[in-house]
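Since this is a predicted model, take the numbers as computed values, not measurements. Throughout, a chain's letter reflects where its sequence line sits, starting with A, and its residues are numbered from 1.
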Amino acid sequence: MEHLSAALCQWYAANQRKLPWRGTHDPYKIWLSEVILQQTRVAQGLAYYQRFVEAFPTVADLAQASGERVTRLWQGLGYYSRARNLHLAAQQVVERHGGRFPESYAGLRALPGVGDYTAAAVASLAFGLPHAVVDGNVYRVISRLLGISTPIDSGAGKREFASLAQALLDKARPALHNQAMMEFGATLCTPKSPQCGRCPVADACVALRSGRVDELPVKAKKIVQKDRFLVYLFITWGDSFLARQRGDDGIWARLHEFPGFEVEGPLTDSELLASEPFAALTQGLAHELEAIGPPLTHLLTHQRIWARFVELRLQGPPPPEHPLGEYTWLSPSRSEDLAFPKLMLRFFDQRRQGRQSPSLF
DNA sequence: GAATCGTGGCA
DNA sequence: TTGCCAAGATT
């Protein structure tokens with residue numbers, strides 16, 4: 001067991017990528033990078049990390065920032081409850097721990113948005129504590145090296161791999177060991193087409209010896225995708241448009257969206273305009289139909305969204321008692337400070353392009 | 001324990 | 001085009 005860690009650490013020392021959060025022991029920067037990288041590739045999270053560090057050099061700066069600014073900086077990164085928990089955790093560090101991160105696994109684990117993985121990562125990388133990280137890379141590396149076919153998405157699998165990861169850990173240098181395991185999984189022992197020919201521990205790999213590299217790790221569950229059909233109304237009054245902020249939970253937490261509704265299946269333009277929910281949202285509004293955009297498809301892990309955007313221009317101010325009363329008017333400059341789902345940003349882009357070259361439509 | 005939560009890259 | 005999955009956490 002010690003041999004595996006030593007070989008991987010030696011490989012890591014010679015092959016690691018240079019990343020801005022490496023080489024520091026600042027728990028704030030390590031925690032920030034780990035939260036950004038949850039279910040997120042380095043290539044996607046890198047620019048966000050740099051923007052956050054520049055905007056908020058310390059955890060106190062982050063704690064003092066407005067939720068609006070934090071959410072806007074997170075725009076486009078996905079899993080938006082991470083941004084809320086990031087802000088909450090920063091405030092807890094300041095208010096409950098005097099501005100210093102807890103120097104224990106349990107203390108870190110109690111912060112919002114910090115689960116088993118992130119607690120182990122910060123504990124080991126910032127404080128040198130002997131906690132093994134278990135992320136997607138570690139599941140894959142261990143299942144292949146040791147030939148373990150227990151499904152990694154089962155409770156038994158999670159317990160088994162956590163135990164094995166902890167047993168493999170070099171407790172004299174947990175930071176190096178953890179980073180070596182993850183970097184090895186991310187760049188050599190990859191899900192598809194792993195580079196077994198360059199593997200420093202190929203001699204010890206059970207999966208390679210038995211020809212099971214492509215079968216490991218095992219996942220028991222399959223993702224079920226559902227189709228959803230959404231209609232959004234882009235209602236303008238002068239330069240401004242109507243939108244509201246979504247709640248703390250569910251999809252696109254705390255992001256802004258236009259008024260709209262969901263339907264059971266695809267609608268033609270005329271069906272859409274004649275639909276009951278469209279009538280309810282536009283009743284009593286003197287408006288002019290500006291455009292009905294083509295369906296925009298938006299892919300999420302669990303659903304495929306088909307969105308239609310209907311652009312309406314009000315001919316007069318909306319009456320005070322109206323279903324749209326919970327929405328507010330946003331000017332273009334105001335909306336620059338707010339966060340929108342990628343789907344809405346794609347609509348903005350499409351609309352801008354349509355105006356610059358109307359002959360295309 | 002199962003279901004959810006985004007977005008983007010790759011084959 | 002489709003499916004997979006990525007430095008996971010929460011409910």
Side-chain angles (χ1 to χ4, degrees), chain A residues 12 16-17 19-22 29-49 71 74-86 88-89 108-122 124-125 132-141 151-159 161-162 165 175 178-187 189-193 214 217-228 246-255 257 297-305 339-346:
Chain A
Y12 175 73
Q16 65 168 302
R17 295 167 290 179
L19 300 171
W21 48 82
R22 289 196 175 147
K29 290 183 177 174
I30 291 170
W31 162 74
L32 177 62
S33 72
E34 294 300 345
V35 174
I36 287 175
L37 291 175
Q38 287 168 3
Q39 295 292 285
T40 304
R41 296 172 188 280
V42 168
Q44 190 188 0
L46 190 53
Y48 286 86
Y49 172 82
T71 303
W74 201 272
Q75 174 178 268
L77 196 51
Y79 287 143
Y80 295 96
S81 63
R82 286 186 294 173
R84 174 168 174 252
N85 286 329
L86 189 84
L88 283 173
L108 293 163
R109 182 66 177 77
L111 294 171
V114 176
D116 291 343
Y117 164 78
T118 304
V122 177
S124 62
L125 302 185
V133 296
V134 186
D135 70 339
N137 294 306
V138 175
Y139 278 121
R140 189 168 55 253
V141 169
I152 62 173
D153 54 354
S154 67
K158 288 189 173 73
R159 286 188 292 274
F161 281 90
N178 279 336
Q179 292 187 87
M181 291 283 288
M182 291 191 285
E183 187 77 350
F184 173 66
T187 63
C189 194
T190 48
K192 295 174 183 175
S193 306
D214 291 336
V218 172
K219 279 194 179 179
K221 305 167 193 165
K222 288 178 182 175
I223 294 174
V224 181
Q225 250 194 355
K226 294 173 183 172
D227 286 306
R228 296 182 67 188
R246 294 180 58 89
D248 287 344
D249 302 311
I251 191 173
W252 297 326
R254 292 198 169 190
L255 270 57
E257 67 175 358
T297 62
H298 190 69
L299 299 176
L300 293 79
T301 303
H302 291 277
Q303 44 186 307
R304 181 168 53 183
I305 293 176
F340 294 84
K342 276 285 182 178
L343 176 60
M344 313 283 156
L345 299 178
R346 285 175 57 204

Rounded to the Å, how far apart are [X] [atom1] and [N] [atom2]?
{"X": "A:L77", "N": "B:dG9", "atom1": "CG", "atom2": "C1'", "answer": "15 Å"}
{"X": "A:R346", "N": "B:dG6", "atom1": "CZ", "atom2": "C1'", "answer": "13 Å"}
{"X": "A:R246", "N": "B:dC5", "atom1": "CZ", "atom2": "C1'", "answer": "11 Å"}
{"X": "A:W31", "N": "C:dG8", "atom1": "CH2", "atom2": "C1'", "answer": "15 Å"}
{"X": "A:L86", "N": "B:dC5", "atom1": "CG", "atom2": "P", "answer": "21 Å"}
{"X": "A:K221", "N": "C:dG8", "atom1": "NZ", "atom2": "P", "answer": "16 Å"}
{"X": "A:L46", "N": "B:dT7", "atom1": "CG", "atom2": "P", "answer": "19 Å"}
{"X": "A:D249", "N": "C:dT11", "atom1": "CG", "atom2": "C1'", "answer": "9 Å"}

Which residues share a side-chain hydrogen bond (donor to acceptor under 3.5 Å, both in side chains) with [X], sequence neighbours left out:
{"X": "A:Y12", "value": "A:Q16, A:R22, A:Q179"}
{"X": "A:R84", "value": "none"}
{"X": "A:Q303", "value": "A:R228"}
{"X": "A:N137", "value": "A:D135, A:R140"}

Given 3.5 Å as the limit, does a donor-acceptor pair link the side chain of [X] with the main chain of [Y], or not?
{"X": "A:D153", "Y": "A:K219", "result": "no"}
{"X": "A:E257", "Y": "A:F340", "result": "no"}
{"X": "A:R254", "Y": "A:S81", "result": "no"}

Residue pairs passing the salt bridge (Lys or Arg N to Asp or Glu O under 4.0 Å) test with at least one member in residues 109-120 of chain A, sequence neighbours excluded, are A:R109-A:D116

Residue pair A:K342/A:Q303 against DNA chain B: nearer the 5' end by closest nucleotide is A:Q303

Sorted by position of nearest nucleotide on DNA chain B, 5' first, the leading residue of A:R159 and A:Q38 is A:R159

Picking from C:dA7, B:dA2, B:dG6, the nucleotide nearest the side-chain atoms of A:Y117 would be C:dA7

For [X], report the nucleic acid contact type (base, sugar-phosphate, nothing); a contact means any heavy atom under 4.0 Å.
{"X": "A:L125", "result": "nothing"}
{"X": "A:V133", "result": "nothing"}
{"X": "A:I36", "result": "nothing"}
{"X": "A:D116", "result": "sugar-phosphate"}
{"X": "A:L300", "result": "base"}
{"X": "A:G250", "result": "sugar-phosphate"}
{"X": "A:R22", "result": "base"}
{"X": "A:W21", "result": "base"}
{"X": "A:T118", "result": "sugar-phosphate"}

When the [atom1] atoms of [M] and [N] are compared, how many Å lie between them, rounded to an integer?
{"N": "C:dA7", "M": "B:dC5", "atom1": "P", "result": "22 Å"}
{"N": "B:dG8", "M": "C:dA9", "atom1": "P", "result": "22 Å"}
{"N": "C:dC4", "M": "B:dA3", "atom1": "P", "result": "16 Å"}

Ordered by number, residues from residues 178-187 of chain A within less than 4.0 Å of DNA chain C (heavy atoms) are A:M182, A:E183, A:A186

Report yes if a side-chain nitrogen or oxygen of [X] is closer than 4.0 Å to either non-bridging phosphate oxygen (OP1 or OP2) of [N]; otherwise report no.
{"X": "A:Y139", "N": "C:dG8", "result": "no"}
{"X": "A:H298", "N": "B:dT7", "result": "yes"}
{"X": "A:W252", "N": "B:dT7", "result": "yes"}
{"X": "A:R82", "N": "B:dG6", "result": "no"}

Does a donor on one side chain sit under 3.5 Å from an acceptor on the other, for A:Y117 and A:E34?
yes

Contacts of A:R82 meeting side chain to side chain contact (heavy atoms under 4.5 Å, CB included) (sequence neighbours excluded), chain-then-number -> A:V35, A:Q38, A:T40, A:W74, A:L77, A:Y79

Below 3.5 Å between N/O atoms, which protein atoms pair up with nucleotides 4-6 of chain C? Just atom names and distances, please.
{"unit_1": "C:dC5", "atom_1": "O2", "unit_2": "A:R41", "atom_2": "NH2", "d": "3.4"}
{"unit_1": "C:dA6", "atom_1": "OP1", "unit_2": "A:R140", "atom_2": "NH1", "d": "3.0"}

Contacts of A:Y49 meeting ring pair (Phe, Tyr, Trp, His ring centres under 6.0 Å) (sequence neighbours excluded), chain-then-number -> A:W21

